[in-house]
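These numbers come from the heavy atoms of this one structure, side chains and all, not from hydrogens, waters or symmetry mates.
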Amino acid sequence: TQQTLQIIEDMVASKRPHYLATANVDFVVQATHDLELHRILTDADLVLCDGMPLVWASRFLGNALPERVAGSDLVPALLELAEQKGYRVFFLGGQEEVAAKALENIMAKHPKLKVAGVLSPPFKPLLEMDHEGICQTIRAADTDLLFVSFGCPKQEKWISMNYRKLGVPVCMGVGATIDFLAGHMKRAPKWMHGLGLEWIFRLAQEPRRLFKRYFDDLLAFSTNMMGQLIKLRQGNKEGSTGFVMTETENSQVVELPEIFNAKAVTLNRAKWQNLAASEKPLVIDGSRVQVADSTGLALLTRLQKNHREAGLPLVLVSASKSLQKALDLMHLNGIFNTESDVEEGMRMLQELGDERPARTIYVDSDCGGCISWQGEVTTANEKEIWSLTELMIDNSAQHGGKVEIDLSTIRFVDSTGVGLMVRAKKQGRNRGVVVSFTNPSEAARSVIRTLRMEKFIFAEAPALAA
């Protein structure tokens, strides 16, 4: 916990926006079938292990986590730190009376705490919330620590959609912690914490609400863990743990080692860190990999995140059967550009150029009202995509009355991207334009389905009057 507090102190001092994810069994299980939540988990600036079953599983799989850091323990420690350091704390979410009681209890214990604000917005689906109004309130409060209590996965998706524009150094979803702070819900005795039995205590308090969820989570988590144990087992395989790097003037090619596991990552830590800080497009060759574990895959996802945020393309090529199997098992295939070999990967780097937001939309000059959203449609590029889409809708209002947006090349879309689709449909109706979305990729359809927006987005629009 002390190490976590130091990391958070450094985040506050940086004045740059970060978000934390507190992962327990339910979070991990949801992330296996919720593509957006999976991305949120892999992209988080800090992931905390909020459940002893995850610690036990990590030890069982041979890549042990140091300890559990429960959100319900961390938040009180952060409040104490905030009081000492003078950090400004904002509480968002929860029922109004619960939030008020929590604040009363907090101030009784931490009278010098600087509370930047408390806000309990009316309950609405994620895409119908007043995001801009909430963000404006939080920005005006000059917040250092933001605790969001909308429940998982809504709070994580809200943070992912808004943390960049908020500029708050530390955003964190806290779930039921507000209920604990308010005394609305009791925590398990301390002796149950270390034994990983808190879930039994909570189940006893809310059996009707939690029994099915806990049963389903346990079944799914156990199945996934056994799958990892069987399919990613390393046995007595021996091989190289070093990697080969070739650097040109405009790019880098990295050949992954035969044994791409925690040991390989640890032995080459300085080299991987330098690679993560690279400012060149990157081709990663996975042809030699015989063994890959979760630490190796975590490194790949971190490299992908760093390059994506820097506007640099990264292409994974020649993935061996072992590496492909590991990626499939961990649901990580969709986040990478892939090619068959290094030569094709280099060609893709040239085609991609950079992945700045303005390049994620294509206007078909042969079809007056046809455009294509490409690559990733997220919070990071919403303004650029919307400005070009809105321009197309406005032009069609004058000339054709129809806009068709192709989604076939979408690799990933988040809730903000789905919100843009809803916005485009509504803008079209206001301007007398039929806006239709066609050929959705599986990645796009998956997120739209999770948000239950398929019927609205893909509904057949009525023909315009002549």
Side-chain angles (χ1 to χ4, degrees), residues 1-24 27-28 31 34 36-51 54 65-71 73-75 77-78 81-82 85 87-90 92 135 138-139 143-150 152-175 177 265 269 272-278 294-295 297-312 314 332 335 376 378-381 412 414-416:
T1 302
Q2 289 303 314
Q3 184 182 13
T4 302
L5 292 174
Q6 184 57 59
I7 292 172
I8 292 174
E9 277 194 71
D10 293 341
M11 289 179 175
V12 175
S14 76
K15 298 296 183 182
R16 292 183 293 105
H18 305 81
Y19 75 88
L20 281 58
T22 53
N24 56 19
F27 191 120
V28 171
D34 185 330
E36 183 181 11
L37 187 62
H38 190 280
R39 169 65 74 87
I40 289 170
L41 181 61
T42 57
D43 277 2
D45 295 286
L46 180 63
V47 179
L48 305 174
C49 178
D50 189 7
L54 297 185
L65 294 168
E67 65 175 347
R68 177 194 183 201
V69 181
D73 291 326
L74 180 61
V75 171
L78 282 174
L81 178 68
K85 299 288 185 177
Y87 298 155
R88 295 176 59 80
V89 180
F90 199 108
L92 174 64
C135 289
I138 296 171
R139 284 195 299 266
T143 305
D144 296 307
L145 299 174
L146 173 64
F147 298 126
V148 184
S149 183
F150 293 147
C152 180
K154 184 178 179 180
Q155 62 194 18
E156 283 74 23
K157 294 183 179 183
W158 190 92
I159 291 171
S160 179
M161 292 173 72
N162 295 294
Y163 84 101
R164 293 181 182 86
K165 67 183 74 171
L166 285 172
V168 175
V170 178
C171 299
M172 176 181 173
V174 297
T177 301
V265 172
R269 186 175 302 278
W272 291 124
Q273 289 174 342
N274 290 336
L275 188 62
S278 169
S294 57
T295 303
L297 299 183
L299 176 61
L300 284 185
T301 59
R302 183 60 58 177
L303 290 174
Q304 166 68 5
K305 177 191 176 185
N306 290 346
H307 273 65
R308 184 175 69 248
E309 292 185 344
L312 297 168
L314 180 151
L332 290 171
I335 72 171
E376 299 194 354
T378 68
T379 305
N381 55 22
F412 176 73
D414 66 5
S415 292
T416 297

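- We find the CG-CZ distance between Leu145 and Arg88 to be 11.5 Å, quoted to the nearest 0.5 Å.
- For the residue pair Ala23 and Leu54, the shortest heavy atom distance occurs at O-CD1, 3.1 Å.
- Minimum interatomic distance between Met161 and Ser415 (heavy atoms only, all atoms of both residues): SD-CB, 3.6 Å.
- Closest of all the heavy-atom pairs between Ile8 and Leu78 is CD1-CD2, 3.7 Å.
- When all heavy atoms of Asn162 and Cys135 are compared, the pair lying nearest together is OD1-SG, 3.4 Å.
- Between Asp43 and Arg308 there is a salt bridge, since a side-chain N of the basic residue sits under 4.0 Å from a carboxylate O of the acidic one.
- Residues forming a side-chain hydrogen bond (donor to acceptor under 3.5 Å, both in side chains) with Thr416 (at least two apart in sequence, or on another chain): Thr379.
- Closest of all the heavy-atom pairs between Cys152 and Leu37 is SG-CD2, 4.5 Å.
- Distance NE2/His38 to OG1/Thr42: 6.0 Å, rounded to 0.5 Å.
- With values rounded to the nearest 0.5 angstrom, Leu297 atom CG is found 9.0 Å from Ile335 atom CD1.
- The side-chain heavy atoms of Leu300 and Leu332, taken from C-beta on, include no pair separated by under 4.5 Å.
- Asn306 places no side-chain N or O within donor-acceptor distance of the main-chain N or O of Leu303, the cut-off being under 3.5 Å.
- To the nearest 0.5 Å, atom CG of residue Leu92 and atom CD1 of residue Ile138 are 5.0 Å apart.
- Distance alone, capped at 3.5 Å, places no donor-acceptor pair between the Thr143 side chain and the Val89 backbone.
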Show the atom names and distances, to 0.1 Å, of all donor-acceptor pairs under 3.5 Å that link a side chain in residues 12-20 to residues at least two apart or in another chain.
from: Ser14; atom 1: OG; to: Met11; atom 2: O; distance (Å): 2.7
from: Ser14; atom 1: OG; to: Arg16; atom 2: N; distance (Å): 3.2
from: His18; atom 1: ND1; to: Arg16; atom 2: O; distance (Å): 2.7
from: His18; atom 1: ND1; to: Pro169; atom 2: O; distance (Å): 3.0
from: Tyr19; atom 1: OH; to: Ile40; atom 2: O; distance (Å): 2.6
from: Tyr19; atom 1: OH; to: Ala44; atom 2: N; distance (Å): 3.2

Would Asp34 and Lys157 count as a side-chain contact (heavy atoms from CB on, under 4.5 Å) if you check the C-alpha gap in whole Å, the side-chain angles of each, and the deciding distance to 0.1 Å?
CA-CA 11 Å; Asp34 185 330; Lys157 294 183 179 183; 2.8 Å; yes
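- Between Leu41 and Ala31 the shortest heavy-atom distance is CD2-CB, 4.4 Å.
- Atom CZ of Arg68 and atom CG of Leu48 lie 11.5 Å apart (nearest 0.5 Å).
- Looking at Thr22 and Leu74, their side chains never come closer than 4.5 Å, going by heavy atoms from C-beta outward.
- A side chain to side chain contact (heavy atoms under 4.5 Å, CB included) with Val148 holds for exactly one of Met172, Gln155, Glu156; it is Gln155.
- To the nearest 0.5 Å, atom CD1 of residue Ile159 and atom CZ of residue Phe147 are 10.5 Å apart.
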